[in-house]
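In what follows, a structure is listed as structure tokens, so that the remarks can point back to it.
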Amino acid sequence: MHTPSIKTLLDGESPVSSILVRGWVRTRRDAKGFSFLELNDGSCLANLQCVVDEAVPGAQRLKEILTGAAVAVQGDLVPSPAKGQRWELKATSLELIGPAPEEYPLQKKRHSDEFLRSIAHLRPRTNKFGALFRIRSEASFAVHEFFRTQGFVHVHTPILTGSDCEGAGELFRVTALPRDSKEGAAADFFGREAFLTVSGQLEAEPLALSLGKVYTFGPTFRAENSNTARHAAEFWMIEPEMAFFDLTANMELAEAFVKAVARHLLEHCAADLALFNQWVDPQCLARLAQVAQEPFERLEYREAVRLLQAARDAGESFQYPVAFGTDLQTEHERYLAEKKFGKPVFLYNYPASIKPFYMRVNDDQNTVAAMDLLVPTVGELIGGSQREERLEVLQARMQAQGLDPAPYWWYLELRKFGSAPHAGFGLGFERLLMFVTGIPNIRDVIAYPRTPGNLEF
RNA sequence: UCCCCGGUAGCUCAAUCGGCAGAGCGGGUGGCUGUUAACCACUAGGUUGGCGGUUCGAGUCCGUCCCGGGGAGCCA
């Protein structure tokens, strides 16, 4: 028995006889002597309409087949005589695999995002989340495809780390000691404190200074008590790291990367993206097309401050003041990405005082070769920099920021043995998905979101 | 962590000034129909988030706790 996916069947050009389709019932409509079953198997957004005559074997259980039930339908794919669909399955037999009783929570109507989060195990069966997870999969593929085409080596950096001061937020502590143990870290599994990684960057740099161009794509953990629509305690980050790249080359790569993903999705996820364009964000498709085609804006931090001050003087009301040497507030980033330019904007050459020790000090001694990519609606999508490759400068920066150099001995040795200019960035995969779909909450672009106080599923 | 908003049927929501707890969808029963989130009629379904208080009377007012959301900070 042939078992094609519904996607294959609906994309087909000719009738197919004697096939088996298995999936979940989205709705049942009864007519005189037969029923319509709308079947979805997750392969695409569209359902397959199955026409089940009450005389067909198995049809006596039709009354038990409610929305959500898992069924198998054998039959022939034939042209549909009615409007609304090109093909339908004329059933020759029906099997109820797993019934869904009346309290099945998903109904044939719109549900709130909050409710769907409370049933994370069932929400992939909705149109919206089905579409999202297919897009997520394609985007993930596009990431690997881009870097592979560009000659990058995919490397895996550790999830467990012993470094508790990577300068990127609070860490989750990992221990193998019993909960009530009085013993110190020395008695623990690694003989020292252990944490979940907040970034693979420090470990990726040595690989870049060996293999040339590398990237990681893995889970990242932040124990920040952040309660916003764009922060999660566990998220997936893409971190390329390139030897002999300066900040400009870094930005060029970042732009080419985001454009490549946008183009891939436009080409391979048209139907799923159309759903988001219609129900979630009417700018979704236009924004993707713009990202794919138009050059991003590039702006020095110094110039951004000047623009923001000019905007304020022209009557733009900001809650927070703008001055050189302070980090930009969310309202400032949104103004630049949404109102001023209306497209992705690179800000670069930030004041050294507000950036971590590993970013390369510019010749003005005042700024570092850092760059952020700000995009409309989600804000910071990428953060990156050229890395400090000069040993003495790096040591001085660590000292200035009060860091103990001892645990970083291997990171410092990189600057001793064949040091070279290099650069890289980190991109939050979930934020990229928010940007391309228009979904406003990070909890709705990941299957099982981890946020403060939320570890169900 | 701070500020604001919310929690009523399986789901989405309503309930005037503190005065009988409601509708649509979903379920059941019956009808109708190559139907398209089908349609029509009937029907079942409630500890109004928890605890305490004010009151003749609390979904509504007060206190407190829990949960959720939005905004901010932090960041990707």
Side-chain angles (χ1 to χ4, degrees), chain A residues 26-38 46-53 63-64 66-68 78 80-85 88 90 100-119 122 126-127 166-170 197-201 217-239 254 319-320 327-334 354-356 371-375 378-384 425-435 440-446 451-454 456:
Chain A
R26 285 297 176 79
T27 176
R28 187 191 86 209
R29 292 183 295 272
D30 295 327
K32 188 137 193 106
F34 62 99
S35 292
F36 296 99
L37 291 182
E38 294 270 350
N47 303 322
L48 176 66
Q49 172 166 289
C50 303
V51 185
V52 185
D53 192 281
K63 283 285 181 194
E64 298 171 60
L66 305 175
T67 301
V78 298
S80 177
K83 284 180 182 157
Q85 60 283 318
E88 65 184 27
K90 182 76 179 157
E102 63 187 74
E103 61 266 26
Y104 180 65
L106 289 173
Q107 292 167 32
K108 298 180 287 183
K109 62 165 194 170
R110 215 189 116 70
H111 290 284
S112 68
D113 292 333
E114 292 81 1
F115 171 66
L116 291 173
R117 271 169 224 156
S118 73
I119 51 167
L122 295 174
T126 63
N127 286 340
E166 295 183 26
E170 301 286 317
T197 184
V198 294
S199 165
Q201 179 202 321
F217 185 177
T220 309
F221 306 88
R222 304 274 166 94
E224 294 284 356
N225 190 9
S226 293
N227 290 286
T228 81
R230 45 187 194 287
H231 288 87
E234 176 183 282
F235 62 100
W236 286 67
M237 191 152 66
I238 296 147
E239 294 181 285
Q319 194 185 341
Y320 295 90
D327 222 345
L328 298 183
Q329 304 291 316
T330 297
E331 59 176 352
H332 304 141
E333 297 181 349
R334 292 187 72 121
I354 58 172
K355 289 292 184 184
M371 62 96 165
D372 283 357
L373 180 65
L374 310 178
V375 300
V378 302
E380 186 177 345
L381 178 63
I382 286 175
F425 61 84
L427 177 143
F429 188 53
E430 281 76 16
R431 288 192 180 173
L432 178 65
L433 291 170
M434 292 168 72
F435 181 52
N441 197 310
I442 198 167
R443 296 169 180 86
D444 300 327
V445 294
I446 187 166
T451 51
N454 191 346
E456 197 67 52

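Excluded from the calculations below are hydrogen atoms, water molecules and symmetry mates; all remaining heavy atoms, backbone and side chain alike, are included. From a predicted model like this one, the values you see are computed outputs, not experimental measurements. To find a chain, count down the sequence lines: A is the first, B the second, and so on, and within it residues start at 1.
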Inset, instruction - Over 60° means perpendicular and under 30° means parallel, so classify the ring planes of A:F36 and A:F34, tilted if in between. - result: perpendicular
Legend entry - Pair A:T451-A:H231, side chain to side chain contact (heavy atoms under 4.5 Å, CB included): steps then yes or no: CA-CA 8 Å; A:T451 51; A:H231 288 87; over 6 Å; no
Inset, instruction - Please lay out, stage by stage, how A:H111 and A:I119 fare under the test side chain to side chain contact (heavy atoms under 4.5 Å, CB included). - result: CA-CA 11 Å; A:H111 290 284; A:I119 51 167; over 6 Å; no
Legend entry - Spacing of the C1' atoms in B:rA14 and B:rG57 (rounded, Å): 22 Å
Legend entry - Any A:S118 side-chain heavy atom under 4.5 Å of A:E456 side chain: no
Legend entry - Check: A:T67 and A:Q107 side chains under 4.5 Å, non-hydrogen atoms: no
Legend entry - C1'-based separation of B:rG69 from B:rU29 [nearest Å]: 40 Å
Legend entry - A:E64 CD - B:rG27 P separation (whole Å): 14 Å
Inset, instruction - Write down the distance between CD (A:Q319) and C1' (B:rC4), rounded to a whole number of angstrom. - result: 13 Å
Inset, instruction - For A:H231, answer base if it contacts any base atom (sugar-phosphate contacts may also be present), sugar-phosphate if it contacts only those atoms, and nothing otherwise; contact means non-hydrogen atoms under 4.0 Å. - result: base
Find every protein N or O atom lying less than 3.5 Å from an N or O atom of nucleotides 67-71 of chain B, and list the pairs.
| from | atom 1 | to | atom 2 | distance (Å) |
| --- | --- | --- | --- | --- |
| B:rG69 | OP1 | A:R117 | NH1 | 3.3 |
| B:rG69 | OP1 | A:R443 | NE | 3.4 |
| B:rG70 | OP1 | A:N441 | ND2 | 2.7 |
| B:rG70 | OP2 | A:N441 | ND2 | 3.4 |

Inset, instruction - Would you mind reading off the distance between A:E224 atom CD and B:rC74 atom P, rounded to a whole angstrom? - result: 10 Å
Legend entry - Nearest-Å distance once atom C1' is located in both B:rA44 and B:rA9: 11 Å
Inset, instruction - Classify the side chain of A:S226 and the base of B:rC75 as holding, or not holding, a donor-acceptor pair under 3.5 Å. - result: no
Inset, instruction - State, with a plain yes or no, whether a side-chain heavy atom of A:I382 is found less than 4.5 Å away from one of A:R431. - result: no
Inset, instruction - Please report, rounded to the nearest Å, how far the P atom of B:rA38 is from the CZ atom of A:R26. - result: 12 Å
Legend entry - Passing option when A:N441 is tested against A:E430, A:M434, A:R117 for side-chain contact (heavy atoms from CB on, under 4.5 Å): A:R117
Inset, instruction - Would you classify A:F115 as touching base, sugar-phosphate or nothing, given that sugar-phosphate means primed atoms plus P, OP1 and OP2, and contacts are heavy atoms under 4.0 Å? - result: sugar-phosphate
Inset, instruction - Look at all strands and tell whether A:I238 reaches a base, only sugar-phosphate, or nothing, counting heavy atoms closer than 4.0 Å. - result: nothing
Inset, instruction - Starting at the 5' end of nucleotides 28-36 of chain B, put B wherever the base has a protein heavy atom under 4.0 Å, S where only the sugar-phosphate does, and a dash everywhere else. - result: S---SBBBB
Legend entry - Integer angstrom distance from the C1' of B:rC75 to that of B:rC51: 39 Å
Inset, instruction - Please state how far atom CG in A:D113 lies from atom C1' in B:rG7, giving the value in whole angstrom units. - result: 17 Å
Inset, instruction - Starting from the 5' end of RNA chain B, give me the residue, A:R431 or A:Y320, whose nearest nucleotide shows up first. - result: A:Y320
Inset, instruction - Return the stems involving RNA chain B, sorted by first number, where pairs are Watson-Crick (N1-N3 with N6-O4 or O6-N4) or G-U wobble (N1-O2 and O6-N3), both under 3.5 Å, and runs are 3 or more long. - result: B:1-7 with B:66-72, B:10-13 with B:22-25, B:27-31 with B:39-43, B:49-53 with B:61-65
Inset, instruction - Nearest 0.5 Å please: distance from the CG atom of A:D113 over to the CG atom of A:D444. - result: 4.5 Å
Legend entry - Distance, P atom - from B:rG22 to B:rU1, rounded to whole angstrom: 41 Å
Legend entry - Reported CD-to-CZ distance for the pair A:Q49 and A:R29, which is rounded to 0.5 angstrom: 5.5 Å
Legend entry - Distance in angstrom units between A:E331 CD and B:rG73 C1', rounded: 12 Å
Legend entry - Whole-Å distance separating the OH atom of A:Y104 from the C1' atom of B:rC25: 16 Å
Inset, instruction - Measure from the side-chain N and O atoms of A:E333 to the backbone N and O of A:L374, and report whether any donor-acceptor pair falls under 3.5 Å. - result: no
Legend entry - Spacing of the P atoms in B:rG52 and B:rC13 (rounded, Å): 30 Å
Inset, instruction - Answer with base, sugar-phosphate or nothing: what part of the nucleic acid does A:L381 contact at a heavy-atom distance below 4.0 Å? - result: sugar-phosphate
Inset, instruction - Please evaluate the base of B:rG73 for a donor-acceptor partner in the side chain of A:Q329 within a cut-off of under 3.5 Å? - result: no
Legend entry - P atoms of B:rU60 and B:rG49, separation to the nearest Å: 8 Å
Inset, instruction - Evaluate the side-chain proximity of A:W236 to A:F217: yes if any heavy-atom separation is below 4.5 Å, no if none is. - result: yes
Inset, instruction - Decide yes or no for A:N47 and A:Q85: does some side-chain heavy atom of the first lie under 4.5 Å from some side-chain heavy atom of the second? - result: no
Inset, instruction - With rounding to the nearest 0.5 Å, note down the distance linking CZ in A:R443 to CZ in A:R230. - result: 11.0 Å
Inset, instruction - Please state how far atom CZ in A:F235 lies from atom C1' in B:rC75, giving the value in whole angstrom units. - result: 8 Å
Legend entry - Pairwise P distance, B:rC20 and B:rU64 [rounded to whole Å]: 29 Å
